[in-house]
Asker: 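This is the structure I have questions about; it appears just below.
Letters go in sequence order (proteins before strands), and every chain restarts at 1. The structure displayed is predicted, hence computed values, not measured ones.
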Amino acid sequence: MTARTLFDKVWDAHAILTGPDGTTLLWIDRHLVHEGSFHAFAMLDRDGRGVRRPDLTFGVADHYVPSHPRSQQIADPEAAGLIARLAANAAKHGFDSMGMDDPRQGIVHVVGPEQGITLPGLTLVCGDSHTATHGALGALAFGIGASEVAHVLATQTLWQRRPRQMRITIDGRLGPHVSAKDLILAVIAAIGSAGAVGHAIEFAGPAVRALSMEARMTLCNMAIEAGSRTGMVAPDDTTFAWLAGRARAPAGAAFDTAVAAWRALASDPDATFDRAVRLEGSAVAPMVTWGTTLDSALPVTARLPDPDSLPDPEARARTAEQLAYMGLVAGTQLAGTRIDQVFIGSCTNGRIEDLRAAAAVLRGRRAAVPGRVVAGSVPIQRAAEAEGLDRIFTAAGLAWGEPGCSMCTGINGDYVAPGARCAATSNRNFAGRQGPGARTHLMSPAMAAAAALAGAITDVRQEASP
Amino acid sequence: MTPITVLAGPAAVVDRANVDTDQIIPARFLRKPRSAGYNNFLFHDLRTTDPDFPLGPSGNPPILLAGANFGCGSSREGAVYALADAGVHCVIAPGFGDIFVGNASKNGLLTVALPDEDVAALMAAARSGLPLNVDLPAQEVRAGNRSYRFEIDPFRKRRLAEGLDDIGLTLAHEAEIAAYEATHLAACPWAG
Ligand code: SF4
């Protein structure tokens, strides 16, 4: 038998049939839906179709959930309507859905792994591009569009063309105060925003093996920001220990049987990839994006680019346009850029470790600018409160919001004002992403906390050393 | 879904790379039902800041020429609804976001990937007022006396050309799906 990658093994195990043109009909083990999936349910209704496997379909309200206390009414009737529509579709089709008052509620990509819905070796899809997050557990997980959501609802399958494969190996170890967020930003800066289009990524190497599950999820979460729909990490003891005891994970002897199967998923040593990229982990610095594309990430110690020094006229124009949108001066030092607010949360960095990292920087201190901290799920919110992290944030002057997507896209009402500059731990810095005219600098939770203290982009390594 | 064979007409030019789906349709409009007319949201924020933006809610040319990595970012199918509802039936670019391509083909929007230099030549032709001809059966874009061959997944080509319903096609394989389902869940009970 030829050597296979982790991706090959999961793909092959889910291939039902291959069409004459080479597209494969894949079985889908887990399908996650959210309020935005209403278009797909409308398509089912239009065609008079039902949900084939409601037991493999899971709903979560996240994008439109307000971050103000749940006891208050949702001010926006359209947002309230979408949340109610998800619950109505769940009731109609008979699937489990975690609405605003459910103790398991949170951001779909946080909830899936947390509840043990996501497991190694499964195929998982969701109508959301950050579905790659679940690949951190060794699942083949990718985002799909509304028509594909309708297709999976009706058939529990999906036609896909096998992508090419890319292995990104991180050698060595990450330095102090350098996190998975910095690592993925460094990877994107190295290969470009479209560097992995058409490829499934496997993250490998000692620096990845040393990461916690939370950090691996941060890494895989942003695979799409390099153009890939899928980022995966081979499951190992870290994965199994993290999964043991989760609500929907197998238990007892069934867990042991599953673990034995999951161990065999890792890429064979002589498996080949279409592309291989290597980075040295110890060389990664805390990263910050300055522009409106992800490949604008730079080490915090760097200076902003100067369009005049770029030979390529297209790159020159693009750089000048981004600097103008961001209200930045070419060639100046990135650190020291004044910010107006911070946002700590999202499916990239709303997990307990992320909140701990931010709280460690903020403990006993006062932020110079306002900000919002939003846990990725209710269980994380409760855990953070049990550790007293919420009190560290509020004592620093930051708001402690209710779990959901919040200021990542702002569609729940948590917009960044036009022209305002936000240090954010989310995953996209696109023009208008956090609201029309909003200026987003992406960074790690510790870096966002340091920015909150200084009121400016700051190297957390200096902030944190006494 | 309306079948596509040959599209002919002028082309709009958006000569910038990495046009993400947040730009094509800002997230705040995704809550609207399709009947609200997604054409009204097409490039909403770009249009309001740039009065010369080449696309609007209506009266658009059927073809759009764009820069590399068009439709990257969020998986929102609303980006495709906005283009399709505004009368754009084909986007030609040096490359696309993967999810965008899948969404497009399911809504009768043809995506044509051509090398950088071909897209640049087509942009020059379109700017000089030359109409384009996108021939799906022949897999060819023509402008003046030049033609540019493009590759397309045969399955995608057939669905676009015949305007086929995906779910119906898949359900024709029901026996194979059911057989797979039974063996898979027996082999991996945790998948059920
Ligand atoms: S947190 Fe942001 S990126 Fe993640 S699912 Fe929500 S809106 Fe999307």
Asker: Relative to chain A, which of Gly192(B), Gly168(B), Ala68(B) shows the most heavy atom pairs under 4.5 Å?
Answerer: Gly192(B)

Asker: Is there a side-chain contact between Ile224(A) and Ile99(B) (heavy atoms, below 4.5 Å)?
Answerer: yes

Asker: For Leu185(B), which atoms come within 4.5 Å of any heavy atom of chain A: side chain, backbone, both, or neither?
Answerer: side chain

Asker: Most heavy-atom pairs under 4.5 angstrom with chain A, which of Asp153(B), Leu46(B), Thr49(B), Asp166(B)?
Answerer: Asp153(B)

Asker: Taking all heavy atoms of Trp190(B) and all of Pro250(A), pick out the closest pair and write down the distance.
Answerer: CB-CG, 3.9 Å

Asker: Does any non-hydrogen side-chain atom of Arg428(A) lie less than 4.5 Å from one of Ser74(B)?
Answerer: yes

Asker: Counting only heavy atoms closer than 4.5 Å, note whether Phe96(B) contacts chain A via side chain, backbone, both or neither.
Answerer: backbone

Asker: According to side chain to side chain donor-acceptor pair (under 3.5 Å), who are the partners of Thr157(A), at least two apart in sequence or on a separate chain?
Answerer: Thr155(A)

Asker: Out of Glu181(B), Arg76(B), His173(B), Arg28(B), return the one with the most heavy atom pairs under 4.5 angstrom to chain A.
Answerer: Glu181(B)

Asker: Looking only at atom types and distance, does a side-chain atom of Asp98(B) sit under 3.5 Å from a main-chain N or O of Gly198(A), one as donor and one as acceptor?
Answerer: yes

Asker: For Asn107(B), is it the side chain, the backbone, both or neither that has a heavy atom under 4.5 Å from a heavy atom of chain A?
Answerer: side chain

Asker: Which heavy atom of Ala154(A) sits nearest to which heavy atom of Leu171(B), and what is that distance?
Answerer: O-CD2, 4.4 Å

Asker: Do the non-hydrogen side-chain atoms of Trp27(A) and Ile177(B) ever get within less than 4.5 Å of each other?
Answerer: yes

Asker: Would the distance check show the side chain of Arg31(B) and the main-chain N or O of Ile411(A) forming a donor-acceptor pair, the cut-off being under 3.5 Å?
Answerer: yes

Asker: With a 4.5 angstrom heavy-atom cut-off, could you sort out which part of Pro154(B) is near chain A: side chain, backbone, both or neither?
Answerer: both

Asker: Any idea how Tyr38(B) and His39(A) line up, ring-wise: parallel (<30°), tilted (30 to 60°), or perpendicular (>60°)?
Answerer: perpendicular

Asker: Run the ring-ring contact (aromatic ring centres under 6.0 Å, His included) test against His109(A) and tell me which residues pass, sequence neighbours left out.
Answerer: His134(A)

Asker: Calculate, to the nearest 0.5 Å, the distance between atoms CD and CG belonging to Glu314(A) and Asp116(B) respectively.
Answerer: 7.5 Å

Asker: Do side-chain atoms of Glu77(B) reach the backbone of Ser147(A) as a donor and acceptor pair under 3.5 angstrom?
Answerer: yes

Asker: Heavy-atom pairs under 4.5 Å with chain A - which of Gly78(B), Ala27(B), Gly73(B) has more of them than the others?
Answerer: Gly73(B)

Asker: So how far is it from Arg161(A) CZ to Arg156(B) CZ, rounded to the nearest 0.5 Å?
Answerer: 7.5 Å

